Amino acid sequence: MKPKSPALIAFQGARGAFSEEAARKLVGAQTAVFPCERFEDVFRSLKSGQVAGAVVPIENTLAGSVHENYDHLVNFEFPIVAETSVRIVHNLIVRKGVPFSKIKRVFSHPVALNQCLDFFAQNPQIERIPFYDTAGSVKMIIEEGLGDAAAIASSVAAEIYGGRILRRSIESDRQNFTRFFLLRTAPYARRHITPPATHATWKTSLVFSMHNVPGALFRALSAFALRDLNMTKIESRPLRGKPWEYLFYVDFLGRVDTPNAQNALNHLRELADFMRVLGCYPKGA
């Protein structure tokens, strides 16, 4: 199946989700978007050809890594071609005409609710109610005409669904950012992705597994240290079918085709049971 549009980008959540903001940063403000209910649906829509790309969150500075998406990166094998970070600003949103004094409950994604604990501590009369999505919670309270409820979501969600922002930036920690990946199919990446200027900083992401023996991980990571490659992240995930064994995800600064990186990866291949490069892309802001 051919993509519906060369610019159609899938993401998880309702229109107005932070993932949509990331998609517009990565692909362009006018890009068409394809909302999906689950992360797996995002990956499957790219695999089926319904969309030309996908944007997924991979980690948050407060909540940590999005583990499900690390697993999907391995299972679906789509190359990472770009990354960006989005500042997460949580707003209290209501139907037009609803005053703050009438609010008895607030709907949002559990992560968003937990990132606004100071607001709830200051307003103990308001009940927190988990919902599947931040933007979806705005859509729900508007469509159902709830006069005693609010939602926590982005300002874009308020604009899309006709909500009114009563309180802006109610998150407890302003240093709240989410990192997103842009994924394409391998053929699309080969045809359309061109390297930027050589002075740009690049990142490479990869995944590998090792025998569970003393010093194995130390020897694996030494492949990067010996070539002066700066690792910016390491994450472990359970290796399915092998209890108490793990996949290790690593990001390092540098292009995969440089001599230092090639030597490091060849070294790692000699040590690892499994190794795959997940993507090489310009370092995002």
Side-chain angles (χ1 to χ4, degrees), residues 9 11 18-19 21-28 39 42-43 46 53-88 175-186 188-190 192-209 217 220-237 247-269 272 274-285:
I9 302 296
F11 66 89
F18 291 108
S19 291
E21 182 178 344
R24 297 189 184 284
K25 285 185 66 175
L26 286 162
V27 183
F39 287 128
V42 174
F43 284 82
L46 183 54
V55 168
V56 295
I58 201 66
E59 62 176 323
N60 176 265
T61 52
L62 304 182
S65 297
V66 184
H67 295 131
E68 179 182 346
N69 285 337
Y70 273 107
D71 295 340
H72 290 323
L73 287 174
V74 172
N75 295 335
F76 285 89
E77 301 186 39
F78 296 127
I80 305 162
V81 299
E83 69 168 0
T84 194
S85 294
V86 172
R87 160 90 155 84
I88 305 301
Q175 297 302 310
N176 185 2
F177 295 86
T178 296
R179 178 184 176 210
F180 293 85
F181 283 153
L182 173 62
L183 309 176
R184 299 285 192 179
T185 63
Y188 186 104
R190 285 193 295 268
H192 298 283
I193 305 302
T194 56
T198 56
H199 66 268
T201 300
W202 281 67
K203 290 173 78 173
T204 297
S205 296
L206 60 99
V207 58
F208 67 91
S209 63
L217 184 58
L221 299 184
S222 70
F224 303 99
L226 291 171
R227 279 83 184 182
D228 293 322
L229 293 172
N230 182 16
M231 290 195 308
T232 57
K233 182 175 175 64
I234 181 168
E235 178 84 19
S236 65
R237 294 288 299 138
L247 290 170
F248 297 94
Y249 294 81
V250 166
D251 296 341
F252 69 85
L253 295 181
R255 284 184 56 153
V256 72
D257 56 358
T258 61
N260 277 6
Q262 284 293 300
N263 289 336
L265 295 177
N266 288 336
H267 185 171
L268 181 59
R269 285 188 183 96
F274 161 80
M275 197 275 285
R276 183 194 301 157
V277 173
L278 298 172
C280 182
Y281 47 91
K283 183 178 181 293

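Because only heavy atoms are used, hydrogens play no part in the values below, and waters and symmetry mates are left out as well, while side chains stay in. None of the values given here were measured: they were computed from a predicted structure.
Shown here for Val55 and Ser19, the closest heavy-atom pair between the two residues is CG1-O, 3.9 Å. Of all heavy-atom pairs between Leu229 and Leu253, the closest is CD2-O, 3.9 Å. Closest approach of Val81 and Pro282 over heavy atoms only: O-CD, 3.8 Å. The shortest non-hydrogen separation linking Arg276 to Val74 is NH1-O, 2.9 Å. Closest of all the heavy-atom pairs between Val56 and Leu183 is CG2-CD1, 4.1 Å. Taking each heavy atom of Tyr249 and Tyr70 in turn, the nearest pair found is OH-O, 2.8 Å.
For the pair Arg184/Ile80, no side-chain contact is recorded, criterion being any heavy-atom separation below 4.5 Å from C-beta on. You'll find the side chain of Leu221 stays beyond 4.5 Å of the side chain of Phe248, heavy atoms only. Side chains of Pro57 and Phe39 form a contact here, defined as non-hydrogen atoms less than 4.5 Å apart.
By the 30° and 60° cut-offs, the orientation of the rings of Phe76 relative to His72 is perpendicular.
Asn69 is linked by a side-chain hydrogen bond (donor to acceptor under 3.5 Å, both in side chains) to nothing, counting only residues two or more places apart in sequence or in another chain. For Phe177, there are no ring-ring contact (aromatic ring centres under 6.0 Å, His included) partners at least two apart in sequence or on another chain. Legend: residues meeting salt bridge (charged side-chain N to carboxylate O under 4.0 Å, His left out) with Glu68, ordered by chain and number and at least two apart, are absent. Under the ring-ring contact (aromatic ring centres under 6.0 Å, His included) criterion, Phe18 pairs with His90, sequence neighbours left out. For His267, there are no ring-ring contact (aromatic ring centres under 6.0 Å, His included) partners two or more places apart in sequence or in a different chain. Judged as a salt bridge (charged side-chain N to carboxylate O under 4.0 Å, His left out), and not counting sequence neighbours, Arg269 has no contacts.
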Yes or no on side-chain contact (heavy atoms from CB on, under 4.5 Å) for Leu268 and Phe224, after CA distance, side-chain angles and deciding distance? CA-CA 9 Å; Leu268 181 59; Phe224 303 99; 4.0 Å; yes

Thr258 and Arg227: side-chain contact (heavy atoms from CB on, under 4.5 Å), yes or no, with the steps? CA-CA 11 Å; Thr258 61; Arg227 279 83 184 182; over 6 Å; no

Intermediate values then yes/no, side-chain contact (heavy atoms from CB on, under 4.5 Å), Ile9 and Leu26: CA-CA 10 Å; Ile9 302 296; Leu26 286 162; over 6 Å; no

Test log, rule side-chain contact (heavy atoms from CB on, under 4.5 Å), inputs Asn75 and Phe43: CA-CA 10 Å; Asn75 295 335; Phe43 284 82; over 6 Å; no

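Note that CG of Asp257 and SG of Cys280 are 6.5 Å apart. Values are rounded to the nearest 0.5 Å. Here the straight-line distance linking atom NZ of Lys203 with atom CZ of Arg255 works out to 16.0 Å at 0.5 Å rounding. Note that OG1 of Thr84 and NZ of Lys283 are 10.5 Å apart. Values are rounded to the nearest 0.5 Å. With values rounded to the nearest 0.5 angstrom, Leu247 atom CG is found 13.0 Å from Met275 atom CE. Separating the CG atom in Leu265 from the OG1 atom in Thr204 is a distance of 7.5 Å, to the nearest 0.5 Å. Note that OG1 of Thr201 and OH of Tyr281 are 12.5 Å apart. Values are rounded to the nearest 0.5 Å.
Ser65 and Lys233 share a donor-acceptor pair across their side chains, judged by distance under 3.5 Å alone.
Between Arg237 and Glu235 there is no salt bridge, since no side-chain N of the basic residue sits under 4.0 Å from a carboxylate O of the acidic one.
Checking side-chain atoms of Glu83 against main-chain N and O of Leu182 turns up no donor-acceptor pair under 3.5 Å.
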